[in-house]
Enquirer: 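Pasting in a structure now, in structure tokens, and then I'll have a few things to ask.
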There are 2 protein chains.
Amino acid sequence: MDLTTKLITAAEKLFDRHGYMATGMDRLTEAAGMSSRTLYKHAGSKAQLMALVLTERDRRFMARLEVKSVDALFAALEDWVRVEGTHGCLFLRSLAETGGDTPEIAQAVAAHKAAFRQRVSDVVAADLGREAPELAEQILILFEGATQAALYRGAGAVSTARSAAAILMSGARS
Amino acid sequence: MDLTTKLITAAEKLFDRHGYMATGMDRLTEAAGMSSRTLYKHAGSKAQLMALVLTERDRRFMARLEVKSVDALFAALEDWVRVEGTHGCLFLRSLAETGGDTPEIAQAVAAHKAAFRQRVSDVVAADLGREAPELAEQILILFEGATQAALYRGAGAVSTARSAAAILMSGARS
DNA sequence: CATGATGTAAAACGAACGTTTTACACCTTC
DNA sequence: GAAGGTGTAAAACGTTCGTTTTACATCATG
């Protein structure tokens with residue numbers, strides 16, 4: 001396994017579980033099994049490491065959302081939550097912890113959310129057979145709400161959002 | 001204005017804008033206009049200050065949600081976002097930044113979310129004229145989703161969630 | 001006028017922070 | 001076999017962290 005990959009994987013887990021600012025470089029080097037010298041050669045700085053983690057997570061997350069129906073969208077989120085657990089949206093959390101003041105992070109988050117929004121919009125349009133911007137926005141909100149509510153309501157929140165989405169979709173079809 | 005109130009008000013603003021861990025005690029004392037000695041006499045510790053902020057925010061937030069219809073629930077959220085701005089749910093953010101490892105914080109968050117869930121459930125039941133647990137959970141998810149999506153979609157996300165909630169409610173009525 | 005509570009200003013605490021540096025080992029590859 | 005790239009181990013950098021302490025001012029109440 002590539003050293004950079006090992007670093008990013010370890011960092012993502014620690015950031016997700018304990019928060020960004022609460023995760024020190026010592027813990028990162030130890031978890032990644034490398035010296036701090038090597039860590040800085042690969043990542044540059046903590047902020048850049050955060051951005052790297054976000055970029056990689058975007059790749060992995062968006063790959064899961066390559067689906068054709070709104071129902072499959074929420075099924076994919078159910079899978080994600082089951083496999084990865086749920087500590088909220090790592091992107092928005094990074095923004096909140098840095099106050100939006102770190103350019104490389106703010107940019108990675110903006111890129112992800114734009115892509116995510118486009119994906120939801122595309123899936124809704126494909127599922128419905130026509131563009132439906134307002135409905136797509138409602139589905140996006142259900143998706144975000146499921147991610148957030150799962151933090152204290154458990155994985156069932158995703159199933160609940162899924163059935164709500166089904167109602168909205170069937171309403172739009174008739 | 002009471003010193004403790006001034007402290008909590010200043011702390012809430014800083015925590016919300018820059019994050020919990022990123023806000024140092026120096027910035028807090030300066031913003032609250034008091035010495036660190038006084039701050040510690042009133043708050044005890046940073047973790048206890050965070051819990052105080054959360055408890056006070058719960059009081060203020062829940063007071064706004066004393067409404068009788070689901071539509072009014074989202075209208076109240078629109079007001080909240082307009083007045084207070086939107087940096088995500090301060091409760092879940094505190095949990096994420098501490099990894100859930102700080103008892104007083106975890107407890108304040110759990111208490112708030114339990115009260116919030118109960119409130120949503122009550123409003124849905126009053127609006128509909130009967131208990132509807134699954135529908136209440138869907139409305140809760142829309143509420144959380146609006147809060148979260150407003151971070152990058154703007155205040156319009158709340159209006160979108162509001163109309164989605166209206167659809168789900170009218171579907172449940174017929 | 002003494003007392004005790006409540007406040008400020010500022011220094012100090014040890015620990016942890018993100019980051020850099022020094023010194024050294026192991027490999028390829030020319 | 002010298003060179004250069006890539007890695008480790010560990011100390012050190014100066015800064016900032018959350019917290020405590022020291023010294024002093026103010027002011028109501030006995």
Enquirer: Taking all non-hydrogen atoms of both residues, which atom of A:Ala165 and which atom of A:Val70 are closest, and how far apart?
Expert: CB-CG1, 4.0 Å
Enquirer: Assess whether atom CZ of A:Arg117 is packed by more than 12 heavy atoms of other residues, nucleotides or ligands within 6.0 Å.
Expert: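 Not buried by this count: 12 neighbours or fewer within 6.0 Å.
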Enquirer: As a test of understanding, state which of A:Val120, A:Leu168, A:Val124 forms a side chain to side chain contact (heavy atoms under 4.5 Å, CB included) with A:Gln138.
Expert: A:Leu168
Enquirer: Can you tell me which nucleotide in C:dG18, C:dT8, D:dT8 comes closest to the side chain of A:Met25?
Expert: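 Within the option list, the nearest is C:dG18.
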Enquirer: Reckon B:Gly44 touches a base, only the sugar-phosphate, or nothing at all at heavy-atom distances under 4.0 Å?
Expert: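 No contact at all - B:Gly44 keeps every heavy atom at 4.0 Å or more from the nucleic acid.
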Enquirer: Looking only at the aromatic ring of each residue, does the gap between the centers of B:Phe116 and B:Phe143 stay below 6.0 angstrom?
Expert: yes
Enquirer: Given atom NE2 of A:His42 and atom C1' of D:dT8, what is their separation to the nearest angstrom?
Expert: 13 Å
Enquirer: Separation of B:Leu39 atom CG from C:dG7 atom C1', in whole Å?
Expert: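 Result: 13 Å.
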Enquirer: Compare the minimum distances between each of D:dT8, C:dG18, D:dT19 and the side chain of A:Met34, then state the nucleotide with the smallest one.
Expert: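 Nucleotide nearest to A:Met34's side chain: D:dT8.
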Enquirer: To the side chain of B:Tyr40, which of C:dG18, C:dG7, D:dT20 is closest?
Expert: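 Out of C:dG18, C:dG7, D:dT20, the nucleotide with an atom closest to B:Tyr40's side chain is D:dT20.
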Enquirer: Starting at NZ of B:Lys46 and ending at C1' of C:dA16, how long is that distance when rounded to a whole Å?
Expert: 13 Å
Enquirer: Figure out the CG/P separation between A:Leu49 and C:dG18, and round it to whole Å.
Expert: 11 Å
Enquirer: Quick check: does any side chain N or O of A:Arg119 sit under 3.5 Å from a backbone N or O of A:Met62, one acting as donor and the other as acceptor?
Expert: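 At least one qualifying donor-acceptor pair exists.
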Enquirer: Mind calculating the distance between CZ (B:Arg27) and P (D:dG18) to the nearest angstrom?
Expert: 11 Å
Enquirer: Return no unless some side-chain N or O of B:Thr38 is found under 4.0 Å from OP1 or OP2 of C:dT8.
Expert: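 Indeed, a polar side-chain atom of B:Thr38 lies that close.
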Enquirer: How many Å lie between NZ on B:Lys41 and C1' on C:dG4, as a whole number?
Expert: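 Rounding to the nearest Å, NZ of B:Lys41 and C1' of C:dG4 are 11 Å apart.
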Enquirer: For A:Asp26 and D:dA12, what is the distance between atoms CG and C1' respectively, to the nearest whole Å?
Expert: 13 Å
Enquirer: For A:Met21 and C:dA16, give me the distance from atom CE to atom P, rounded to whole Å.
Expert: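 Whole-Å distance recorded here is 18 Å.
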Enquirer: Quick check on DNA chain C: between B:Arg37 and A:Ser36, whose nearest nucleotide comes earlier from the 5' end?
Expert: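 Result of the comparison: B:Arg37.
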Enquirer: Just to be sure I understand the rule, does B:Thr23 reach a base, reach only the sugar-phosphate, or reach nothing, if contact means heavy atoms closer than 4.0 Å?
Expert: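 Counting heavy atoms under 4.0 Å across all strands, the contact made by B:Thr23 is with sugar-phosphate only.
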Enquirer: Across the strands shown, which category fits A:Ser45 at heavy-atom distances under 4.0 angstrom: base, sugar-phosphate, nothing?
Expert: sugar-phosphate
